[in-house]
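Just so it is clear, the values below take in all heavy atoms, side chains as well, and ignore hydrogens, waters and symmetry mates. In what follows, chains carry the letters A, B, and so on, assigned in the order in which the sequence lines appear, proteins first and then strands, with residues in each chain numbered from 1.
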2 protein chains.
Amino acid sequence: MDSQRDATEQTVTSLDSPPQALPGPTGAAGKQIPPAAVARLTIYLRALNSLLAEGTERVSSESLAELSGVSSSTLRKDLSHVGSYGTRGVGYEVQYLSRHIAAALGLTHDWKVAIVGAGNLGKALARYGGFESRGFDVVAIFDADQMVVGNEVGWLRVSDVADLEAVLERTGTNMVVLALPAAVAQSICDRVVTAGVRSILSFAPVMLQVPDGVTLRKVDMATELQILAYHAQRAQTPGQPE
Amino acid sequence: MDSQRDATEQTVTSLDSPPQALPGPTGAAGKQIPPAAVARLTIYLRALNSLLAEGTERVSSESLAELSGVSSSTLRKDLSHVGSYGTRGVGYEVQYLSRHIAAALGLTHDWKVAIVGAGNLGKALARYGGFESRGFDVVAIFDADQMVVGNEVGWLRVSDVADLEAVLERTGTNMVVLALPAAVAQSICDRVVTAGVRSILSFAPVMLQVPDGVTLRKVDMATELQILAYHAQRAQTPGQPE
DNA sequence: TAGATTGTTAATCGATTAACAATC
DNA sequence: TAGATTGTTAATCGATTAACAATC
């Protein structure tokens, strides 16, 4: 139907690279899922959950693919990495498939998320409803500004970033979202890593360095707009002569 | 050094798909740049700009690659899509290269951005400093809530989304950022497209449909966290038996 | 000339698509 | 049995990497 592309995010992770040995003993269980497929599985999961919400019990690869904006070929291939949970000639049971995808993605236990930076973006993220409903608990929010420390944000009070390590420890945080200026991002990132957090999502517009074993993802608004600009410009100038 | 991956964002664009004819007459000018390369070019551009800020005049592919977190091979290959702006045996002149990348990305003229949704996220985006400095002017922000319409956000006043078409027209908006709930995203998106905007960045957690010729990019916080969860879980369970 | 570094080619690797045999 | 749809295989396509000839 229309071309669907993955692009954009940088993930620095040493977890993909070494196949980690272990010659996958049973079925699709211990297997590596290709990064592109992981990203799409989250989309299928969302589509399945809205089907579930409206009471749909079964779905074919064809319709789930359409809801997700991919080809049915891609969808079936992606699902094959998770396992074999459909019925030929029939389709997939929505709830059953949803559960297995969630399990494959590691969404069965709850994740505790701390946000560093209580500026506009940090506050927006802390209050964002989409997290709790998907098994992500925001358990802390930090800022360096003493005028902001102690303020209420959603259900939380802003902690002093000076107490970062202690609060991460006490709350059992296992994921951190960095919503802070480029200038301080690397040093805070280092402290977060040293404190034992191995999953970091950064909104800071800089390349951060993390050691092996730490997964870092990056979201950058300016980058997104620049990519849009490239496409818009191409559309306007279909082929300018030098 | 470490594995660098592109993943994550969905771009629905029909602009990639048809090579658009025009057998590229001169050099690399009218050529298609592969999506993965476009995303990285924005990173190089940022690195070049910080080099420029600290007064560095020349840089080799090796060091620029390191700053950007890619291999020098990838970097040179990416630059080759833009043109040939280095000197063998010497390297690249920072300012010169920066300008050419900016031109290739279509960042030479200013883009006018409107934000739809003046909730936490919309406000955070409107006040985000990274835009102006990169040639993106935020010219309008909208909301449907009459309690919010007329409020001040940064330099702007919140417009009524009822006046969407008129304001987009008057401000000359050519990019829209959707920062609104899933439920209303598609209908607002349709209005934006009908108003003639062809570049849309959506933060709404739904698959949006856009016609051919419109470029849509999507950023999704919950998806990002789910991808982190997948990696974290893998790290914990190096190969669980069934 | 000797050393350095680009731009490009060819080889590898991974992701997408099409097609179809298996099977409900 | 006939129709439908999965799961998988093989073919295509695109992206990354390594290597090196061109050249400053």
Side-chain angles (χ1 to χ4, degrees), chain A residues 1-11 16-19 27-28 31-41 43-44 58-66 68-94 96-97 100-101, chain B residues 1-11 16-19 27-28 31-41 43-44 58-66 68-94 96-97 100-101:
Chain A
M1 44 180 310
D2 40 24
S3 86
Q4 186 94 11
R5 311 215 112 277
D6 274 22
T8 298
E9 275 333 310
Q10 164 220 13
T11 308
D16 306 340
S17 322
K31 284 269 192 53
Q32 269 269 37
I33 303 177
V38 171
R40 284 187 302 255
L41 284 168
I43 297 170
Y44 308 152
R58 263 206 289 267
V59 70
S60 68
S61 63
E62 194 59 58
S63 17
L64 183 54
E66 177 155 13
S68 309
V70 301
S71 72
S72 69
S73 237
T74 297
L75 177 105
R76 290 199 303 277
K77 181 84 187 181
D78 289 346
L79 292 184
S80 77
H81 297 294
V82 173
S84 177
Y85 301 115
T87 310
R88 288 169 202 235
V90 178
Y92 301 90
E93 215 234 292
V94 173
Y96 186 70
L97 181 59
H100 280 282
I101 294 178
Chain B
M1 45 180 307
D2 42 23
S3 86
Q4 186 93 12
R5 313 214 110 277
D6 273 22
T8 300
E9 277 332 312
Q10 163 221 12
T11 307
D16 305 342
S17 321
K31 283 272 192 48
Q32 268 269 36
I33 303 178
V38 171
R40 284 187 304 254
L41 285 169
I43 297 170
Y44 308 151
R58 262 205 290 267
V59 69
S60 68
S61 63
E62 194 60 58
S63 17
L64 183 54
E66 177 156 12
S68 310
V70 302
S71 73
S72 70
S73 234
T74 298
L75 176 103
R76 291 200 301 278
K77 181 83 188 181
D78 288 347
L79 292 184
S80 78
H81 296 295
V82 173
S84 175
Y85 301 114
T87 310
R88 288 167 202 235
V90 177
Y92 302 90
E93 215 234 294
V94 173
Y96 187 69
L97 182 58
H100 280 283
I101 294 178

Which distance, rounded to the nearest 0.5 Å, do you find between the CZ of A/Arg40 and the CD1 of A/Ile101? 12.0 Å

Which is more 5' along DNA chain C, the nucleotide nearest B/Val59 or the one nearest B/Lys77? Just name the residue. B/Val59

Are B/Arg58 and C/dT5 close enough that a side-chain N or O sits under 4.0 Å from OP1 or OP2? no

In B/S/- notation (B base, S sugar-phosphate only, - none; protein heavy atoms under 4.0 Å), nucleotides 19-24 of chain C written 5' to 3' is B-BBBB

Enumerate, in order of first residue number, the stems that involve DNA chain D, defined as 3 or more consecutive Watson-Crick or G-U wobble pairs with both distances under 3.5 Å. C:3-24 with D:3-24

So, the side chain of B/Ser68 versus the backbone of B/Leu64: is there a donor-acceptor pair under 3.5 Å, distance only? yes

What integer distance in Å separates A/Arg40:CZ from C/dG14:C1'? 12 Å

Can you tell which of D/dT6, D/dG7, D/dT17 lies closest to the side chain of B/Thr74? D/dT17

Please identify each residue that fulfils side chain to side chain contact (heavy atoms under 4.5 Å, CB included) with A/Thr87, with sequence neighbours left out. A/Val90

Go through the structure and list residues passing side chain to side chain contact (heavy atoms under 4.5 Å, CB included) with A/Ser72, not counting sequence neighbours. A/Ser61, A/Glu62, A/Ala65, A/Arg76

Under the side chain to side chain contact (heavy atoms under 4.5 Å, CB included) test, residues paired with A/Tyr85 that sit two or more places apart: A/Val82, A/Tyr96, A/Leu97, A/His100

Take atom CG of B/Leu97 and atom C1' of C/dT6, then tell me their distance rounded to the nearest Å. 12 Å

Going by the rule side chain to side chain contact (heavy atoms under 4.5 Å, CB included), which residues pair with A/Ser71 if we only count those two or more places apart in sequence or in a different chain? A/Ser73, A/Thr74

Please check the phosphate of D/dT6 (OP1 and OP2 only) for any side-chain N or O of A/Ser61 closer than 4.0 Å. yes

Any side-chain heavy-atom pair of A/Leu41 and A/Leu79 under 4.5 Å: yes

Within the pair A/Tyr92 and D/dA4, is there a side-chain N or O less than 4.0 Å away from OP1 or OP2? no

